[in-house]
Structures are given as structure tokens and as C-alpha cells.
Amino acid sequence: MGNKTPLFETHKAMSGRVVDFGGWDMPVNYGSQVDEHHKVRTDAGMFDVSHMTIVDVTGPQAKAFLQTLLANDVAKIESAPGKALYTGMLNEAGGVIDDLIVYYMGDWYRTVVNCATREKDLAWMNKVAADFDVALTEQPQLAMVAVQGPNAIAKTQQVLPKAAELIGGLKVFQGAAYGDWFIARTGYTGEDGLEVMVPATEVVGFWQALAEAGVQPCGLGARDTLRLEAGMNLYGADMDESVSPLEANMAWTIAWEPAERNFIGRAALTEQKAAGVKRKLVGLVLEEKGVLRGHQKVIVEGCDETGEVTSGTFSPTLGYSIAMARVPVEVGDTCLVEMRNKQVPVKVVKPSFVRNGKKIF
Amino acid sequence: MSEIRKELKYMSSHEWARIEDDGTVTVGISDHAQEALGDVVYVETPEVGSTVNAGEEAGVVESVKAASDIFSPITGEVIAVNEALEDAPETVNSSPYDDGWFYKVKPADLTELDDALDADGYAAACEDE
């Protein structure tokens, strides 16, 4: 018996097929994950992401704390309340403890971290926080629903008429408080949409209203194929504590300037850059029959070192298999993947496949 | 609850076998198996004219989630494969016992199926998983 979100009974009632996910009983699909995937690419779908951990950072040194804790710089989002930033949280060796989103809330910050890493994240954040005048407060009373797809915003506005104007005014990667709700234009699918933090007591009503407005309930299965098509990393698959952000397509999330900001992991990353980064995260495309899967071996011509598929799946939008893989930087336009005792040639592309419903490589 | 048909024989690895009136045997995967696999995207069937052996790998079914070997419930020559699965692999999900069959065999020895599970035995095997 795992942890249950406030929507657990609702998922059961909507014939969600429940599986264990990082200690949580979560729906993997409600019938067909491929149908759910297409609904998000063409209309609107919703995901229960209440298992994710929300931690608020308050206190006079909240900013200084986060500027030490995170590889990206929260100074970038001070221009307006509600702005969001994607970042890695690194250890001293430059490995990724977790990836997270941080929202600027005026004089405090809200972070959303992964559920499977909750305990080690909190332990690390609290350890670093000991040197700062800050308070870290989990928000377990908040549930979270991601509404994603080209019609997601319009349908959410229809369900929340009083918040329609506020929602309409949100820029991409920006959120706003709505009473004790928090609505942000963020997501993990490569489509436009919202992530809505809502008190657990109100989330069932919100979910049901969205369903009545024609928003498709989607499980973790579709969430994974959508994020992989969008080229978004999954913690624990595409990177972990043994992996540098420089080898995980996360270089863009490292704020090197200002040079005097001494975030945790900076020294290690600086050394890695000086020594030359040996591996990188790329996208793979297999247009033939077969599905690329995590942990398959990748062979790069002229390299003794091999690479590995970090995430692989069948892409419902493209109709063939795609993957992310960490490979030697010498990789060219093609490489070989060892699949079921055969070496299969695949194309190498940037690790981003679909945005707003369209192929982008 | 997934459907388990009374008239079929089953393997604990989730293939079913149906003895047809003409003595040939049709093979597919169970409703329970397709449900566990989720959306099927590719099916690799054996070639017509090839020989499959009971308990040995005869093909592969790949879903979005996982790849799974198909083990033949019976030895014999493959006399037909379901070519419709090439373009519509999702038929395995929608009709695992009818339109979603995999291949047909001219069996070498029908008594091989005496060791297979009946519907009750298969239901019990699924329960134990």
C-alpha cells in the first residue's frame, strides 16, 4: 500500500489503472496511454501530479540560500512575482541531486521537487539551510493538477471563470496566486498549459469540472511519452547524482554569471569544463521497427567508450521510436544501439523531438 | 477483471492456443497480457514455413512500455501469420482472442497441449502474479 493523493478514489472511479510510482499509488493510464498522449497533443489532458513535493522557502536570506543551493540563479526571476525557473540542485561533486522548478513569490520562493527524491532533497536542503536565516516548509495540504494541450488554458478558464483573466495574463513560465491556489503556465509535455496547485479539499471538484469540460484524464504513461518527445529530462533516468548537468543537456540551466556567486557544485563543474566534458546527452531516432529502451548499449564509431540509452519509448506523435542517450562527445550523425542481441543503426539528433504538436528535428 | 476464455489452452507466460476444427492451432496472447503490456506498437511474428518449438521463443510483442517474448505453446510448422498486425498492432489490445491472433501452426503433436493450463489454471496463475 503506497501513499495516495486526494484524487486516488477519483482515479479508481474513472477506471485508472493504478501502479506504484516512487512509493505512490498513481494511475499509469485510464485505458490507452497512446490515446491520452494524442489528446494532449491535439486538445487537452490532465495529470494528477499531487505526489510532487512542494517546499516553500521563506525568511530574510531566502534568496541568498537559493543562490547557494541551486545551479541556476533566482536573481533571473526577480523582475515579476510568479516567474519560474528550472534548475538543478547539485552536490559538491557537481552531480545532480534533483531537478526542480522554483517560483519567485515576492519576498519568498516556492519550489517543486520530485517525489521519489523527496527525503534526500529535504535532508540536503535543510543541511544547506542551516547556514542561512530561512525556513523550509512543505505544503502537503496542496494537491497539484497539470492541465496540458493546445486547448488546456481555454478549458481551465471555462472551469474557473473568476480566474479566467488572471490565467489569460500569464506568460510562459509564469504563475500567480489565486486565493490559496497557485496557477502557473508551466508543464512537462511540450504543449502550452497550466500546473495548478490547489488545496487538497478542493481538488476532486476541480478535476471533475475539468473532466466535464472535456479534459482527458491522463496517467503517468502518457506523461512519460510526452515529456520524452519534448526532450525533457526525467530524474533517475536521464541524470542522477553520478551525472553532471554538463552531460545531461542541462548546461543551459547553469548560471555562470555573476562569477562571484558560489553555488554548490560550481568548483567541480569549472574543473570539468577545463578538463573537457567527455559525454553528452543526445536524441536518438529509430525509424525502423522496434523500440529503444533505457539501458541499451550505444556504440559510437571510432570510440572505445560506449554510451547508454537513458530513456527510450515509442513516440505516439511520430509513429516510431525515440530515445535520449548519453554518449561520447565524438558521436556523429548516426550510431548503433544494441537491441535484443542485434546492432541497429539510429539517427543522432538534438534531444528534443516534438513541440506544440510538431516534429522539430 | 480480464477475460479468460474457457475453450482455450494457456501458458503461464500468457500465450493462448486454440485447437481449430481442422486440427491446426492458433496462437495469441491473453487479455491479461495485453492489459499488462499496454498499447501494443509492434508485433514480430515467426515466418510462414518456419518451425516453432513448444516453450521456445517464437516472436516478440512490443508495447509503449515494454518488449515481451512470445513463447510458442506448441511445436509445428507455421502455416499463417496475422499480417494485419503489421499496420494495426493495437488490434492485440482491442481483440486479443479474435482479430489479434499471432500465428497458426500445423502441430507436430497435439498432446503437447495436454500440459498447458486450462482456463481455471490460468486464472489461478494470473492471481498469483
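Hydrogens, waters and symmetry mates play no part in the numbers below; they use all other heavy atoms, side chains included. A note on names: the letters A, B, ... follow the listed sequences, proteins ahead of strands, and every chain is numbered from 1.
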Just checking [X]: does its [atom1] atom have more than 12 heavy atoms from other residues, nucleotides or ligands closer to it than 6.0 angstrom?
{"X": "A/Asp333", "atom1": "CG", "result": "no"}
{"X": "B/Glu20", "atom1": "CD", "result": "yes"}
{"X": "B/Lys106", "atom1": "NZ", "result": "no"}
{"X": "B/Glu47", "atom1": "CD", "result": "no"}
{"X": "A/Glu288", "atom1": "CD", "result": "no"}

**Asked** How long is the span from the NZ atom in B/Lys65 to the OG1 atom in A/Thr225, to the nearest 0.5 Å?
**Response**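 Output value for this atom pair is 12.5 Å.
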Distance-minimising heavy-atom pair for [X] and [Y]:
{"X": "B/Ala67", "Y": "A/Arg340", "value": "CB-NH1, 3.7 Å"}
{"X": "A/Val291", "Y": "B/Ser63", "value": "CG2-O, 4.4 Å"}
{"X": "B/Tyr42", "Y": "A/Tyr320", "value": "OH-CA, 3.8 Å"}
{"X": "A/Arg17", "Y": "B/Ala36", "value": "NH2-CA, 3.6 Å"}

**Request:** With sequence neighbours excluded, tell me which residues meet side chain to side chain donor-acceptor pair (under 3.5 Å) with B/Lys104.
**Result:**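 With neighbours one apart ignored, the set is B/Thr26.
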**Request:** Answer yes or no: is there an ion pair linking B/Glu62 with A/Lys289, defined by an N-O contact shorter than 4.0 Å?
**Result:**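 Salt bridge between B/Glu62 and A/Lys289, a charged N being under 4.0 Å from a carboxylate O: no.
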**Message:** Quick check on B/Val40 against chain A: is it the side chain, the backbone, both or neither that has a heavy atom closer than 4.5 Å?
**Reply:**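 Interface part for B/Val40: neither.
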**Item:** Which atoms of A/Ser32 approach chain B - backbone, side chain, both or neither, heavy atom under 4.5 Å
**Value:**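 Both parts, backbone and side chain.
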